[in-house]
Amino acid sequence: MSHGQILRVAINVPLSRLFDYLAPSPGHVPPGCRVSVPFGRRTQIGMVMEISGDSDLPIEKLKHAKAVLDENPLLSEIDLWLIRFTSAYYHHPIGEVVAAALPMLLRQGKARDSLVRKVSVTPEGARTDLNLLRKRARRQAELLALLQDAESLSFTELDETMPGWRPIRASLIRKSLLEEFETTDDESRADRLANVEQEIGPTLNADQKSALKSIRGAAGFHSSVIDGVTGSGKTEVYLHLIQDELKAGRQVLVVVPEIGLTPQLVSRFRRRLGLEPVLMHSGLTDLARLATWRAAESGRAGLILGTRSAIFIPLKNPGLIIIDEEHDGSLKQQEGLRYSARDLAVVRAKKLGIPVVLGSATPSLETLQRCDDGAYNLVRLPTRAGKAVPPMMRLVDLAKHDAYDGLSQPVVDSITKTISHDGQILIFLNRRGFAPTLICSGCGNIAECTRCDSRMTVHAASNLLKCHHCGAQRRIDSDCADCGSPCRPLGHGTERLEDALRSYFPNEVITRIDSDSTRLKGTMSKALTMATSGETRILIGTQMLSKGHHFPKLTLVVVVNADQGLFSTDFRGGERLAQSLVQVGGRAGREERQGEVIIQTAFPDHPFWSELFNGGYPKVARSALVERESAGWPPFSRLALIRAAATSREDAHRFLTRARKLADATGIDGVRILGPVSAPMERKAGRFRAQLLLQSRQRGVLHQVLTSLRPSLESSTEARRVRWSIDVDPIELF
Ligand code: ADP
Ligand code: ZN
Ligand code: ZN
């Protein structure tokens, strides 16, 4: 009996296999189209990954797909390839990879071209004299000006470019100057020109020129790394490369860390390229994400600027992929599909036959090692561009100088001096709240989270103890439950530092930027505007402030405490600490004035400091590479971490013991298996966590083990009682 074609469909369920269906009706269904299919008792949306002539199941058992949702494939062969690769490399269920790669609305089965509401000028509106209107109704003129230039704009676009425009539109419609209509999305967000004059950038210096030449020199796929100190002009080099591609009619995808995608950066791209980049990040509505996805997929968008998930966006005419701050941990997803956008960028560029550029002031050791290998082309920008000079760094020994309220006397003196020279100060402390610990003054009892193996953080302003791991919170106990003595906060968080600084410098404008102080909508951008304009004298911040921002008046950076990083149990501790210090230090003195960085430490003799001070990040990185090689850690070996969490410790360990047995049973040599062991912080949100580490010098054998173990593990009885995951190339070992 002829059965036509069999659709092999990826469905968003945690199983690493495809599901076979018969086409809903005779005729060809190309891979890359979505179908709705009966699945269990429900209907699911699936992605046709391939077409096959036969199935493992008897044909008469196969069900028909209910409908084909796309006339033309949503994903190209190469997009499907990337999904298959990602699923195989990260040992993650393919349906979940498809889900991660598609915008929510497409995942839910919405049409690719949804109707969008737009406004445009009427002929009368087009003729209206803006100068006249401006005198009477400034905002109306502003909106009309936008639309006279752009012909039509969608509601989403206007929400972004001109907040509060909606009531103004109503008045203009009443005057018959504007009209509203609905259309399919195909023309919105076209590679339209921004409403700004294209700005000419600075003339490139010799290093930038040779970097450009070296990157432009090769055709087709090649990976280049721009290792350039902060402020060396990496972004300028990107801008030239992007310009090349746009002129040639090709698209560029730029991926930046979550906190690096600032309005400052977007506006710089807009002004310098004279076009509106389309954005993909977590702050967008589902509709806006779909619009970006469509603009990229259809080829209408020239520049796509996004955070890590943008790495999956289909491109009609790809020319170049840029990964900025390639060392940044946020490029790796830490839950669900644990992919690295940087690593996938290289793989994808290779498949597409286009260049990829990785940029950083502090390249990861993985990337440096590939440069050493000759796999990547390394270009250096060793000095700051323009007139800026590198900041001076010094240590303050906390053993010699008390830092009663977190700030030692030398630091207070430097702040005072900086204020007298009209400079701006950034106080960096990667710990929000008032104090990390609440301790009883009588018996030494410490307030802990009841659901995690962790201490509660004191939040004085809200009078709460909060757990930063699970979100639990309770009122601050003023007296100890055990002995009745008063409790007091121990240690410092940003909130406490703010109090201290206000008492030292009562007349200065002090702004704290952390996730507590910026929870309310709009507070973050207001705080940043004040900081950028120089109105803020003293900025206090967590790592939210350490990257991407450009504060022209900032001359002094104080790192309140760096010691946690010195004694990290993670083999990446030193690399991370050096990266974060160099990045935050890089905020200082970005224009004409010399910057200064002061780091407080109780361990000034730790060898880390002499390396950092004598050789900077390159020296730290070099010696870390030597250590890693002798210890056999990445990048000289490959890791995979299997994690399990369960309501009982035994269940978590039993599952991992099973995983270990399965791995051993493969009989594959060359993979070292460590564990199972309990996670460093074993209990989190009421679950016990454990892990099994697999390590190998050869990537191939590690993946063979994972590939052969996964299906049995997935269907094992032990798996039912745990939440588990495989993390390939983990960047956190817990
Ligand atoms: P990075 O991306 O490496 O931090 P940027 O490209 O943002 O560096 O450049 C830092 C600052 O130096 C910016 O204000 C930029 O306009 C300026 N700049 C970059 N290149 C030059 C140059 N060749 N001449 C003068 N100024 C430059
Ligand atoms: Zn007590
Ligand atoms: Zn907790």
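We count ligands from 1, going down the list as the structure has it; atoms in each ligand are counted the same way. Just the heavy atoms: all of them, side chains too, but no hydrogens, waters or symmetry mates, feed the values below.
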Item to complete: Compute the angle centred on the Zn ion (ligand 3) spanning SG of Cys452 and SG of Cys449, and express it rounded to 10 degrees.
Response: 110°
Practice prompt. Around atom 1 (P) of ligand 1, find the nearest protein heavy atom and jot down its residue, atom name and distance.
Written response: Lys234 N, 3.5 Å
Fill in: Note: Lys234-Asp207 ion pair, threshold 4.0 Å (strictly below)
no
Fill in: Pair Glu495 + Arg512: basic N to acidic O under 4.0 Å
no
Worksheet entry | ligand 1 versus Pro202: contacting region, heavy-atom distance under 4.0 Å | side chain
Worksheet, complete the sentence: protein heavy-atom neighbour closest to atom 16 (O) of ligand 1 works out as Glu236 OE2, 3.9 Å
Worksheet item: Quick check: does His469 have an N/O/S atom under 2.8 Å of the Zn ion (ligand 3)?
Response: no
Worksheet item: Is it true that some N/O/S atom of Cys443, main chain or side chain, lies under 2.8 Å from the Zn ion (ligand 2)?
Response: yes
Worksheet item: Within a distance of under 4.0 Å, is there any protein heavy atom near atom 3 (O) of ligand 1?
Response: yes
Worksheet item: What protein heavy atom is closest to atom 11 (C) of ligand 1, reported as residue, atom name and distance in Å?
Response: Gly231 O, 4.5 Å
Worksheet item: Do Ser364 and Thr367 have side-chain atoms, one donor and one acceptor, less than 3.5 Å apart?
Response: yes
Discussion item. Using 0.5 Å steps for rounding, measure from the CG atom of Leu273 to the NE2 atom of His240.
Written reply: 10.0 Å
Worksheet item: Is Arg643 salt-bridged to Asp727, going by a charged N under 4.0 Å from an acidic O?
Response: yes
Worksheet item: What is the closest protein heavy atom to atom 12 (O) of ligand 1, and at what distance does it sit?
Response: Ala385 CB, 4.0 Å
Worksheet item: Looking from the Zn ion (ligand 3), what is the angle between SG on Cys470 and SG on Cys467, to the nearest 10°?
Response: 110°
Practice prompt. For side-chain hydrogen bond (donor to acceptor under 3.5 Å, both in side chains), just list the numbers for Glu575 and Gln579, CA-CA rounded to whole Å, side-chain angles, deciding distance to a tenth of an Å, and then say yes or no.
Written response: CA-CA 6 Å; Glu575 176 188 1; Gln579 285 166 343; 3.3 Å; yes
Worksheet entry | More than 12 heavy atoms of other groups within 6.0 Å of Tyr404 OH | no
Worksheet item: Nearest protein heavy-atom contact for atom 8 (O) of ligand 1: which residue, which atom, what distance?
Response: Gly233 N, 2.9 Å
Fill in: Ligand-residue contact atoms, ligand 1 with Leu204, heavy atoms, under 4.0 Å
23 (N)
Worksheet item: Is His468 close enough to the Zn ion (ligand 3) to have an N, O or S atom under 2.8 Å?
Response: no
Discussion item. Are there over 12 heavy-atom neighbours, none belonging to Arg721, within less than 6.0 Å of that residue's CZ?
Written reply: no
Worksheet item: Considering only the protein, which heavy-atom contact is closest to atom 20 (N) of ligand 1, and what is its distance?
Response: Gln208 NE2, 3.0 Å
Fill in: Leu381 contact mode with ligand 1 (heavy-atom cut-off under 4.0 Å)
neither
Item to complete: Taking only heavy atoms of Asn205 into account, list the atoms of ligand 1 that are under 4.0 Å away from them.
Response: 23 (N)
Discussion item. Tell me the protein heavy atom at minimum distance from atom 6 (O) of ligand 1, and give that distance in Å.
Written reply: Arg268 NH2, 2.9 Å
Item to complete: Please check if atom CZ in Arg455 has more than 12 non-hydrogen atoms from other residues, nucleotides or ligands closer than 6.0 Å.
Response: no
Discussion item. Any non-hydrogen side-chain atom of Glu326 less than 4.5 Å from a side-chain atom of Pro363?
Written reply: yes
Item to complete: Ignoring hydrogens and angles, state whether a donor on the side chain of Ser214 or Asn377 is under 3.5 Å from an acceptor on the partner side chain.
Response: yes
Discussion item. Quick check on contacts: which atoms of ligand 1 are under 4.0 angstrom from a heavy atom of Thr203?
Written reply: 22 (C), 23 (N), 24 (N)
